[in-house]
Each structure stands twice: as C-alpha cells, then as structure tokens.
Amino acid sequence: MKGEAVVARDLDVRYEDFTALVGATFAVHYGEALGIVGPNGSGKSTLLKTIAGLLLPSSGELSVLGQPPRKLAPGTIAYVPQVEAVDWSFPATVWDVVAMGRFARLHFWQRFGSSDRDVVHHALGVVRMGDLAGRRISELSGGQQQRAFVARALAQEPKLLLLDEPTTGVDAATEEALREIVRKLVACGLPVLMATHDLDRVDDWFDRLLVLDRRVLALGTPREVVESGAYSAIREHTHTHGHLRHDHEPHAAHAVHPEMRA
Amino acid sequence: MTLLLEPFHYAFMQRAFVAALAVGLLCSTMGTYVVLRKLSFIGDGIAHASFAGIVIAYLRGANFYIGAGIVAVLTAVGIGFVHRRGRISLDTTIGVLFTGMFALGVFLMSQQRSYAVDLQSFLFGDILAVQPQDLWLILGLSVVVGVTVAVLFRGLLYTTFDPVVAQASGIKSPAYEYALLVMLALTIVVALQAVGIVLVAALLVTPAAAAYQLTSRFSPMMILAALFGAASTEGGLYLSYYVRASSGATIVLLATLLFFLAIGLKYLRRV
Ligand SMILES: Nc1ncnc2c1ncn2[C@@H]1O[C@H](COP(=O)(O)OP(=O)(O)OP(=O)(O)O)[C@@H](O)[C@H]1O
Ligand SMILES: [Mg+2]
C-alpha cells in the first residue's frame with residue numbers, strides 16, 4: 001500500500017506556556033520507518049504523543065491514517081513510551097503485560113482465545129522473552145521491562161507503530177532482533193515512527209530521518225540529511241549519549257540552526 | 001448445635017447475613033481497584049461526603065440511599081474531574097472538600113434533638129437494621145456493579161495498570177476512570193448501611209490488601225480479595241452476635257486479622 005499514513009501540516013504543540021513543537025509539517029508513508037532525531041528536549045516524545053492522540057495540537061492539522069488520532073478504531077496505534085510510568089509492583093506477569101496488547105482489539109463479549117495466545121507467544125519470542133513469560137514484572141531488569149513493553153506493542157498488531165527510544169538499555173542482540181522485526185513489519189506496509197539517539201545505525205534502521213529541534217530542521221533519507229548539514233548539528237548535541245564525533249565543523253552546524261548556540 | 005445456628009433463626013439476622021455477603025463481595029472486588037489505583041483516600045472522602053447527603057435525606061424524610069447516592073456520585077465525578085485537570089493536588093482537594101461536607105452533615109444533624117443516637121448508627125452502621133427493601137437495593141446494586149466489572153474487565157485492568165499506553169491504543173482511559181469512580185461511589189453507599197462511614201474505607205482496602213500479599217496476578221488477587229471480604233463480613237457478623245459487640249467493628253477487626261495473617265503467610269513462604 002502506498003500513500004501517506006501520517007500527515008502533519010503546520011503543527012504546533014504547547015504545554016501550558018511552552019511551545020514544544022512549532023510549525024511541524026511532514027508526511028510519513030505506509031511501509032516506511034521514519035527515524036526522529038534531535039537533542040534532548042527537541043520535541044521527539046511530544047511529537048509521538050501527539051500522533052498517539054495523548055496530546056492535542058494547539059494549532060495545525062494532523063491526520064493519522066486519514067483521521068484525527070482520537071477518532072481511530074481501538075487497536076490502531078501501538079505506542080511504546082520512553083519512560084514507562086507504571087507501578088512495577090502491580091500483580092502481573094510478563095505474559096499478562098504482553099496480553100494487554102490484545103485488549104484494544106477485543107470486544108467485551110469476545111474471549112481471549114487461542115489466536116490471541118499465539119500472537120502473545122510470538123511477540124514474546126521476538127523480544128526473546130519466551131522463557132520469562134511467567135516472571136512477575138517487579139522481578140525484571142530494566143532492559144527486560146523495556147522488552148516486555150515492546151512485545152506488548154507488537155502483540156497489538158497495530159496499523160501504526162510509535163516507538164520512543166525503544167533500544168535504550170536493551171542489549172545488542174535484542175536491539176538487532178527489534179531492528180529485524182521493524183524492518184519486517186515495514187516491508188509488510190506498516191508505518192513505523194521511532195525516536196532515537198543512536199545516530200550510528202540510522203542507515204540500518206530507517207528509510208528516512210526527521211531532524212527535530214522544536215521545528216523540523218530536515219527530512220529525507222539518512223544520506224540526504226547528512227548532506228544537508230542538519231545532521232551534524234544534531235550530532236554535536238549527542239555527545240552525552242556516547243556518540244560524539246569530531247568530524248564536523250561546528251560553525252557549519254550553527255549556520256544550519258542558529259538557535260542552538262544558546 | 002442449636003446454639004451455633006441460633007443467629008439464623010431471626011428474620012432480621014437472615015437479612016443481615018445476606019446483606020453482609022453482598023457488601024463483603026462488592027467492597028473487596030472494588031477494593032482490588034482501590035488498592036492498585038491507590039484510591040483509598042478517595043473512598044474515605046466519598047464516604048465522608050455522603051454523610052451530608054444522608055443527613056439532608058433524613059431531614060427531608062427521603063430515602064437514605066437516594067441522598068447518599070446522589071452526593072457520593074457527584075463527589076466521585078468531581079474528584080475525577082479535579083484529578084484529570086491536575087492543577088490542584090488531589091489530596092488537598094479531597095482533604096478540604098470532605099471534611100467540609102462531613103462538618104455540614106454533623107452541623108445539620110446536631111440541630112436535631114435525637115442527634116447522638118442517629119449519628120452513632122450513621123458512623124458505625126447497623127446491618128441488623130436492614131429492611132427488606134434495603135436488601136433488594138443492596139442486591140440490585142451488587143448485581144449492577146458486578147456485571148459492569150465483568151463487562152469492562154479488560155479495559156479496567158489495562159487502564160489501571162497503564163492508562164497512558166491504553167489510551168494510545170484507543171481504550172478511553174478517562175471514561176474507565178469515571179466509570180470506576182461512579183461504581184466506587186455506589187459501592188460505598190451500599191456499604192454505609194452495613195459498616196458505617198468510619199469503617200467503609202477499611203472494607204474497601206483491607207481484604208484487597210491482604211489478597212495482594214498472597215498473589216502475583218490480577219485475577220487471583222480479585223478472587224482472593226472477594227473471599228476475604230465475604231469471610232470478614234459473614235464471620236464478623238456471626239461473631240458479633242455472640243460477643244455482643246458492634247457488627248461493623250467486629251467485621252473490620254476480622255478483616256484486619258486476616259490482613260496480618262496474610263502478611264505472616266507471605267513471610268513464612270519466603271523463608
Ligand atoms: N508535561 C510537560 N509539561 C511542560 N513541558 C514539557 C512537558 N513535557 C515536555 N516538556 C517540554 O517540552 C520540550 C520537549 O520535550 P520532549 O519530551 O518532547 O523532548 P525529547 O525530544 O523527547 O527529549 P529527550 O531526548 O530527552 O527524550 C522540552 O523542552 C520539555 O521541557
Ligand atoms: Mg523523549
């Protein structure tokens with residue numbers, strides 16, 4: 001399927017008295033993985049939350065699969081937040097959490113059936129958590145918690161997948177497994193949006209990159225974005241994440257985005 | 001043997017046992033959500049606020065349940081609204097509003113002559129005074145809340161655990177929160193007659209908290225909580241007949257005992 005899965009036109013998103021996103025205009029196609037990069041506080045999470053319908057834009061237009069996010073049928077969007085603010089002492093096993101991914105798809109009169117169980121099993125396998133299915137969530141490591149939440153999103157079988165830094169804190173093997181499943185879903189036509197700070201592997205993950213710093217600074221294939229120079233401006237800010245590269249001209253970066261100087 | 005069955009000979013005792021069973025099951029089922037969503041202060045607040053409604057209904061000669069019910073539901077929805085807005089601290093709002101409402105109830109009550117006696121029964125409940133029509137209302141409301149919990153079960157579970165991601169997936173977390181608060185309000189109104197305002201919060205929290213000690217998944221916790229709740233209300237009522245003590249206080253003491261037994265059992269399983 002070709003066409004545009006997400007269309008944002010002149011989108012502003014405000015918190016109380018702070019505008020976190022200004023005039024964002026972009027489109028995401030079906031069957032593409034879009035990477036969202038930018039320094040801390042640049043509005044990556046804000047953008048994902050807005051697309052998920054958790055925040056309302058203060059102005060501009062946003063259409064997700066042809067509709068405003070809150071009008072979509074239950075189960076359409078799966079979202080993996082950057083920080084899971086849940087009560088970890090909740091009485092639930094890994095299986096229980098991943099099974100919740102199915103809930104939006106089931107009407108109350110429908111049973112949680114064997115096909116649902118198969119999907120949950122498969123999702124657990126993808127994040128390599130099959131053997132931990134019965135473990136209580138309070139007894140997971142940080143990376144295992146993150147993997148359980150990614151599995152829950154996969155179990156939902158969504159039409160749009162939103163991932164907010166899902167690889168933070170997970171081991172290399174899981175990261176690679178996650179990349180493979182994302183590429184597989186994208187190949188099946190699913191649109192995927194993912195915020196990341198890992199700039200070294202953007203070529204392997206994404207079809208296109210959106211460079212964000214309250215405004216959209218650049219949008220294009222990773223190669224185009226690198227050539228535009230906006231990318232190096234972002235790289236300059238990512239050294240706290242261990243991806244420091246001294247292979248760019250700082251002044252060239254400032255020419256791209258003067259506000260960053262402050 | 002006849003001595004042991006003696007309480008069941010009286011019609012008012014039979015009604016009390018049926019009412020106690022319904023209240024025990026209802027409170028502890030809702031209590032599972034109260035404990036996991038940390039709503040115990042809200043439950044306490046709704047119960048206290050309802051007092052104003054009870055007194056007004058009493059003074060106007062209206063039904064106890066109608067007065068308490070209206071105030072409880074309005075308060076619950078109000079709390080949900082304040083909670084959603086998130087501008088003022090929820091604790092503060094509840095603290096201010098409910099002590100005020102409770103004082104209003106006491107104020108109106110104290111202008112009446114028979115003040116002391118009636119206040120006592122509102123505060124501590126009198127399950128032995130349950131009338132046939134009260135019983136039907138209790139059973140009816142129990143069925144309504146029970147069916148609603150069953151129908152909304154998955155949505156309530158998901159929004160209790162992770163309201164943000166549930167909402168992103170298209171499950172309307174605020175609607176579930178309001179539904180839960182309204183059910184909580186109705187449950188409290190039903191429980192008021194049985195255990196009274198002062199002890200209703202205990203019945204909402206203690207059985208579920210005891211079940212939480214012994215279970216690691218949601219459904220078993222809810223079932224065990226219901227068992228503890230029913231055991232406390234039935235057992236408490238039965239014991240209160242022999243020890244000639246307040247039924248409400250005996251029920252809560254028994255629930256508290258079960259809670260400490262559960263903690264002890266959890267500790268024993270660890271070592
Ligand atoms: N709930 C909130 N209330 C007020 N301001 C907020 C809120 N959440 C975020 N902000 C502000 O909005 C801006 C964008 O935040 P956002 O979380 O979208 O950044 P981000 O790009 O995801 O950053 P990071 O790389 O640290 O995850 C920040 O300046 C932040 O301070
Ligand atoms: Mg973020």
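Reckoned from all heavy atoms, side chains included, excluding hydrogens, waters and symmetry mates. Remember, it's a predicted structure, so these values are computed and weren't measured experimentally. Naming: A, B, ... by sequence-line order, numbering from 1 per chain.
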Side chain, backbone, both or neither of V164(B) within contact of chain A (heavy atoms, under 4.5 Å): both

Residue of the set F161(B), Y212(B), F153(B) for which ring pair (Phe, Tyr, Trp, His ring centres under 6.0 Å) holds with F218(B): F153(B)

Main-chain N/O of A33(A) paired to D207(A) side chain as donor or acceptor, under 3.5 Å: yes

Greater than 12 external heavy atoms within 6.0 Å of R70(A)'s CZ: yes

Option in S173(B), P220(B), G170(B) with maximal non-hydrogen atom pairs under 4.5 Å from chain A: G170(B)

Other residues, nucleotides, ligands: >12 heavy atoms within 6.0 Å of K266(B) NZ: yes

Interface moiety of T160(B) toward chain A, non-hydrogen atoms closer than 4.5 Å: both

Closest-packed option against chain B by number of heavy-atom pairs under 4.5 Å, given V86(A), L72(A), L162(A): V86(A)

All pairs passing ring pair (Phe, Tyr, Trp, His ring centres under 6.0 Å) where residues 248-271 of chain B contributes a residue, at least two apart: none

Non-neighbouring partners of L190(A) that pass side chain to side chain contact (heavy atoms under 4.5 Å, CB included), sequence neighbours left out: L161(A), L185(A), V192(A)

Basic-acidic side-chain contact under 4.0 Å: K44(A), D164(A): no

Backbone N/O of L239(B) and side chain of T250(B): donor-acceptor pair under 3.5 Å: no

Residue R152(A) versus chain B: region with a heavy atom under 4.5 Å: side chain

Ring pair (Phe, Tyr, Trp, His ring centres under 6.0 Å) partners of residues 116-137 of chain A, not counting sequence neighbours, each pair once: W95(A)-H121(A)

Which atoms of A78(A) approach chain B - backbone, side chain, both or neither, heavy atom under 4.5 Å: neither

Segment of I77(A) engaging chain B (4.5 angstrom heavy-atom cut-off): both

Chain B contacts, top residue of P81(A), A52(A), P91(A) (heavy-atom pairs, under 4.5 Å): P91(A)

Members of residues 135-151 of chain A whose heavy atoms come closer than 4.5 Å to chain B: R136(A), I137(A), F149(A)

Nearest heavy atoms of A104(A) and P74(A), plus distance in Å: O-CB, 3.4 Å

Contacting region of T215(B) [heavy-atom separation from chain A under 4.5 Å]: backbone

